[in-house]
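Heads up: the structure comes next, in structure tokens.
Just so you know, residue 1 is the first one in the sequence shown, and it goes up from there.
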Amino acid sequence: VQLQASGGGLVQAGGSLRLSCAASGLTFSSCSMGWFRQAPGEERLFVAGINWNGRTYYADSVKGRFTISRDNAKSTVYLQMNSLKPEDTDVYYCAAKASWFSTQAGGYDFWGQGTQVTVSS
């Protein structure tokens, strides 16, 4: 199984980024997918998730600004990040798990390598 995350970068506050996570080696349409963030020395925190059936979930801090979506034909999950704030700066990770969605990082079976998001003020 491989999850390849991309799309991070440096953006000014108020700007947008779109993260992508391409999956291979698993039955993507049966998996729930999540995006997490992590600062150095800190625990990995839930950002957004999408169930295998398309239902979406968001951390309160990103509701109304971030949108998670999936394309099963491309085995890819996306995170559209709008109205970015300096406090959104972190390394972002995508993750996959079988069946139902979870907000807990420990519930995921597979992880991507992380992509850095930096928002300047």
Side-chain angles (χ1 to χ4, degrees):
V1 175
Q2 196 168 29
L3 301 179
Q4 184 68 42
S6 61
L10 172 63
V11 64
Q12 288 188 328
S16 298
L17 285 173
R18 188 195 196 201
L19 306 184
S20 299
C21 176
S24 60
L26 48 71
T27 306
F28 183 80
S29 59
S30 300
C31 290
S32 293
M33 304 296 295
W35 285 98
F36 291 75
R37 58 185 291 181
Q38 187 173 29
E42 301 292 328
E43 65 178 320
R44 204 161 282 189
L45 299 177
F46 170 72
V47 175
I50 186 164
N51 228 346
W52 60 271
N53 62 6
R55 184 171 179 179
T56 58
Y57 306 82
Y58 298 94
D60 288 343
S61 60
V62 306
K63 281 180 182 176
R65 300 190 298 124
F66 291 9
T67 303
I68 189 170
S69 61
R70 64 190 298 158
D71 185 337
N72 288 342
K74 296 182 178 179
S75 296
T76 300
V77 62
Y78 304 96
L79 185 67
Q80 179 67 43
M81 310 166 72
N82 298 330
S83 302
L84 282 161
K85 305 175 181 180
E87 52 263 43
D88 294 321
T89 296
D90 254 335
V91 177
Y92 284 71
Y93 296 86
C94 63
K97 70 180 299 290
S99 192
W100 298 102
F101 158 82
S102 171
T103 61
Q104 303 301 310
Y108 285 77
D109 303 304
F110 306 105
W111 290 87
Q113 83 284 10
T115 184
Q116 176 71 47
V117 171
T118 303
V119 185
S120 62
S121 57

For [X] and [Y], indicate whether the former's side chain and the latter's backbone hold a donor-acceptor pair under 3.5 Å.
X	Y	result
Asp71	Thr76	no
Asp90	Ala39	yes
Asn53	Arg55	yes

To check you understand the geometry: which heavy-atom pair defines the closest contact between [X] and [Y], and what is its length?
X	Y	result
Ala13	Pro86	CB-CD, 4.1 Å
Ser16	Gln80	CB-NE2, 4.0 Å
Met33	Ala96	SD-CB, 3.5 Å
Trp35	Ser20	CH2-O, 3.7 Å

Just verifying a value: how many Å separate Ser69 OG and Arg18 CZ, rounded to the nearest 0.5 Å? 6.0 Å

Interatomic spacing from CZ in Arg70 to CG in Asn51 - rounded to 0.5 Å: 8.0 Å

Going hydrophobic residue to hydrophobic residue with side-chain gaps under 4.5 angstrom, can you get from [X] over to [Y]?
X	Y	value
Phe36	Leu17	no
Val62	Tyr78	no
Tyr108	Phe110	no
Phe28	Leu19	yes
Tyr92	Ile68	yes

Would you indicate whether Glu87, at its atom CD, is surrounded by more than 12 heavy atoms from other residues, nucleotides or ligands within a distance under 6.0 Å? yes

Flag if over 12 foreign heavy atoms under 6.0 Å of CD, Gln116: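 Correct, the count exceeds 12.
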
Side-chain heavy-atom pair Asp88, Arg65 within 4.5 angstrom cut-off: yes

Trp111 vs Val1 side-chain heavy atoms within contact, under 4.5 Å: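 They are not in contact (no side-chain heavy atoms under 4.5 Å apart), so the answer is no.
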
Salt bridge (charged side-chain N to carboxylate O under 4.0 Å, His left out) between Asp60 and Lys63, intermediate numbers included: CA-CA 5 Å; Asp60 288 343; Lys63 281 180 182 176; 3.1 Å; yes

Check the orientation of Trp52 and Trp100. Use parallel for under 30°, tilted for 30 to 60°, and perpendicular for over 60°.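 Answer is perpendicular, since the angle exceeds 60°.
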
Aromatic ring proximity, centroids under 6.0 angstrom, Tyr57 and Phe46: no

Can you confirm if the NZ or CZ of Arg44 lies within 45° of the ring axis of Tyr93 and under 6.0 Å from the centre of its six-membered ring?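 That pair qualifies as a cation-pi contact.
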
Side-chain donor-acceptor pair present, Ser6, Gln4, cut-off under 3.5 Å: no

Using the disulfide (SG to SG under 2.5 Å) criterion, which residues pair with Cys31? Sequence neighbours excluded.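 Partners of Cys31 by the disulfide (SG to SG under 2.5 Å) criterion come out as none, since no residue qualifies.
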
